[in-house]
Amino acid sequence: MNFVYAFIAALALGLAFLVVLSLLDRRADRAEWERLAALQPEEPVLFDPQMVAELPEPARRYFNFTIRPETPLLPVAVIEMTGRFSLGTKEDPRYRPMEARQILAVPEGFVWAMRTRGGMPVSGSDSGSWTRFRIFGLVPVGRLGGDPDHTRSAFGRYVAEATIWAPAALMPGPGVRWSAVDADTARVTVTHGKLEQAVDITVDAEGRPAEVSFQRWSDANPDKVHRLQPFGAVMSDFRDVGGYRLPFRVEAGNMFGTDAYFPFFIADVTEIRFPGAEG
């Protein structure tokens with residue numbers, strides 16, 4: 001009988017620990033979200049095509065398509081999405097329906113909070129400081145972060161996503177430089193402290209971004225060793241959002257541009273907004 005009581009007590013303590021851990025994670029999510037949202041300028045400058053007149057031609061095309069003249073330059077964006085997220089491999093993707101919300105504030109950081117639907121539910125968040133996911137909202141299945149490899153990998157991700165959903169964050173200035181790769185591809189390089197990430201943006205004749213690609217620091221490979229490897233995304237379904245023209249369909253994955261590529265992330269955006277600019 002004593003063994004049964006001890007087992008029940010241990011089970012209760014373990015459950016209490018998981019509940020507290022989940023609550024602390026969610027509090028950290030909220031705190032980081034609020035910190036990033038507060039970075040939105042209160043009196044944003046309005047976009048003028050002359051601001052990008054000295055950039056390489058494909059970069060000018062990109063900005064003149066994605067930002068209309070006289071649009072407030074709002075670098076912090078919130079994206080709501082549904083879609084599919086792969087929990088497997090190219091050979092066995094095991095896509096799961098998912099819904100997520102994200103805040104982007106380049107170069108400072110991001111938070112992506114996601115949950116799957118159907119089957120065994122997986123939920124959690126990614127940020128510049130952590131990757132934390134749980135099943136049934138309690139049991140950890142992945143807790144990473146707090147090391148240089150994770151920080152470098154995350155930085156590559158959110159710089160690339162700014163080219164998709166937050167072009168105002170990439171206006172030329174301190175820490176942001178642009179160069180031409182070819183007639184239809186521009187490269188933006190973002191520097192923040194010791195971090196640096198270059199991302200290539202390929203645009204069509206109008207300046208509409210067709211794909212973004214970059215070398216991401218990642219261990220998503222058979223060797224499970226961090227190294228630079230191709231990552232990229234294709235975009236479609238562009239819509240007007242408060243003076244911006246942004247994609248509402250994005251597919252992304254590792255080994256972009258190679259035979260090993262498969263899109264583990266397929267997002268259908270439901271809403272894009274800019275904190276502090278509502279109303």
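Just so it is clear, the structure is predicted and the values come from calculations on it, not from any experiment. Side-chain atoms are counted along with the backbone in the values below, which use heavy atoms only and exclude waters and symmetry mates.
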>> I'd like to know if Glu206 and Arg61 make a salt bridge, using a cut-off of under 4.0 Å between side-chain N and carboxylate O.
In response: no
> Closest approach of His150 and Ser129, non-hydrogen atoms and distance?
Replying inline: CE1-C, 3.7 Å
> Would Val45 and Val176 show up in the same hydrophobic cluster when neighbours are defined by side-chain heavy atoms closer than 4.5 Å?
Replying inline: yes
> Are side-chain N/O atoms of Trp130 and Ser125 paired as donor and acceptor at under 3.5 Å?
Replying inline: yes
> Are any of the side-chain heavy atoms of Pro275 and Leu39 separated by less than 4.5 Å?
Replying inline: no
>> Are Phe214 and Val181 connected into the same hydrophobic cluster when the rule is that any two of I, L, V, M, F, W, Y join if their side-chain heavy atoms are below 4.5 Å apart?
In response: no
> Any chain of hydrophobic side-chain contacts (each under 4.5 Å) joining Tyr261 to Val212?
Replying inline: no
> Can we say Glu80 and Arg273 salt-bridge, meaning some charged N sits less than 4.0 Å from an Asp/Glu carboxylate O?
Replying inline: yes
> Are any of the side-chain heavy atoms of Asp268 and Met81 separated by less than 4.5 Å?
Replying inline: no
>> Donor-acceptor pair, distance only, cut-off 3.5 Å: does the side chain of Gln197 make one with the backbone of Gln215?
In response: yes
> What pair of heavy atoms forms the shortest contact from Pro172 to Met51, and how long is it?
Replying inline: CG-O, 3.8 Å
>> Looking at Tyr244 and Leu74, would you say the former's side chain and the latter's main chain have a donor-acceptor pair under 3.5 Å?
In response: yes
>> I want to check something: taking the side chain as every heavy atom from C-beta on, are Trp178 and Ile201 in contact at a cut-off of under 4.5 Å?
In response: yes
> Under 4.5 Å between any side-chain heavy atoms of Met235 and Ile164, yes or no?
Replying inline: yes
> Would you call Trp165 and Val269 a side-chain contact if the rule is heavy atoms closer than 4.5 Å?
Replying inline: yes
>> Test your reading of the model: is there a side-chain donor-acceptor pair from Thr185 to the backbone of Asp182, 3.5 Å cut-off?
In response: no
> Hey, is Glu57 close enough to Arg60 for a salt bridge, meaning N to O under 4.0 Å?
Replying inline: no
> Hey, what do you get for OG (Ser127) to CG (Asp29), rounding to the nearest 0.5 Å?
Replying inline: 7.5 Å
>> Please determine whether the number of non-hydrogen atoms from other residues, nucleotides or ligands lying under 6.0 Å from atom CG of Asp259 exceeds 12.
In response: no
> Going by an N to O cut-off under 4.0 Å, is there a salt bridge joining Arg68 and Glu70?
Replying inline: no
> With a 4.5 Å limit on heavy-atom distance, are the side chains of Thr202 and Pro209 in contact?
Replying inline: no
> Got a second to check how far Trp217's CH2 is from Arg152's CZ, nearest 0.5 Å?
Replying inline: 4.5 Å
> So, does Thr189 use its side chain to make a donor-acceptor pair with the main chain of Ala198 at under 3.5 Å?
Replying inline: no
> Do Glu271 and Arg101 pass the salt bridge (charged side-chain N to carboxylate O under 4.0 Å, His left out) test, and can you show the C-alpha distance, the side-chain angles, and the key distance before you say yes or no?
Replying inline: CA-CA 9 Å; Glu271 183 182 9; Arg101 60 196 299 259; over 6 Å; no
> Which pair of heavy atoms, one from Val76 and one from Ala37, lies closest together, and at what distance?
Replying inline: CG1-CA, 4.3 Å
> Does a side-chain N-to-carboxylate-O contact under 4.0 Å join Lys224 and Asp219?
Replying inline: no
> Do Phe155 and Leu36 sit in the same hydrophobic cluster, where Ile, Leu, Val, Met, Phe, Trp and Tyr count as joined when their side-chain heavy atoms come under 4.5 Å apart?
Replying inline: no
> Is the charged tip of Arg96 near the ring of Phe85: under 6.0 Å from the six-membered ring centre and within 45° of its axis?
Replying inline: no
> Which heavy atom in Ala154 sits nearest to a heavy atom in Gly128, and how many Å separate them?
Replying inline: CB-CA, 3.8 Å
> Between Arg27 and Asp25, is the closest basic N to carboxylate O distance under 4.0 Å?
Replying inline: no
>> Do Gln229 and Met255 have side chains that approach each other closer than 4.5 Å (heavy atoms only, starting at C-beta)?
In response: yes
> When hydrophobic residues are tied together by side-chain contacts of less than 4.5 Å, even through go-betweens, does Leu246 share a cluster with Phe47?
Replying inline: yes
>> Can you tell whether the side chains of Asp126 and Arg157 come within less than 4.0 Å, N to carboxylate O?
In response: yes
>> How close do Thr258 and Pro230 get, counting heavy atoms only, and between which atoms?
In response: CG2-CG, 4.3 Å
> Quick one: are Phe110 and Ile103 in side-chain contact, heavy atoms under 4.5 Å?
Replying inline: no
> Mind checking whether Phe65 and Tyr62 have ring centres under 6.0 Å apart?
Replying inline: no
> Less than 4.0 Å between a side-chain N and a carboxylate O, is that true for Glu196 and Arg177?
Replying inline: yes
> Between Ser86 (side chain) and Pro93 (backbone), is there a donor-acceptor pair under 3.5 Å?
Replying inline: yes
>> Between Ser153 and Arg216, is there a side-chain donor-acceptor contact under 3.5 Å, judged purely by atom types and distance?
In response: yes
> Pro58 and Ala180: which non-hydrogen atoms are nearest, and at how many Å?
Replying inline: CG-CB, 4.5 Å
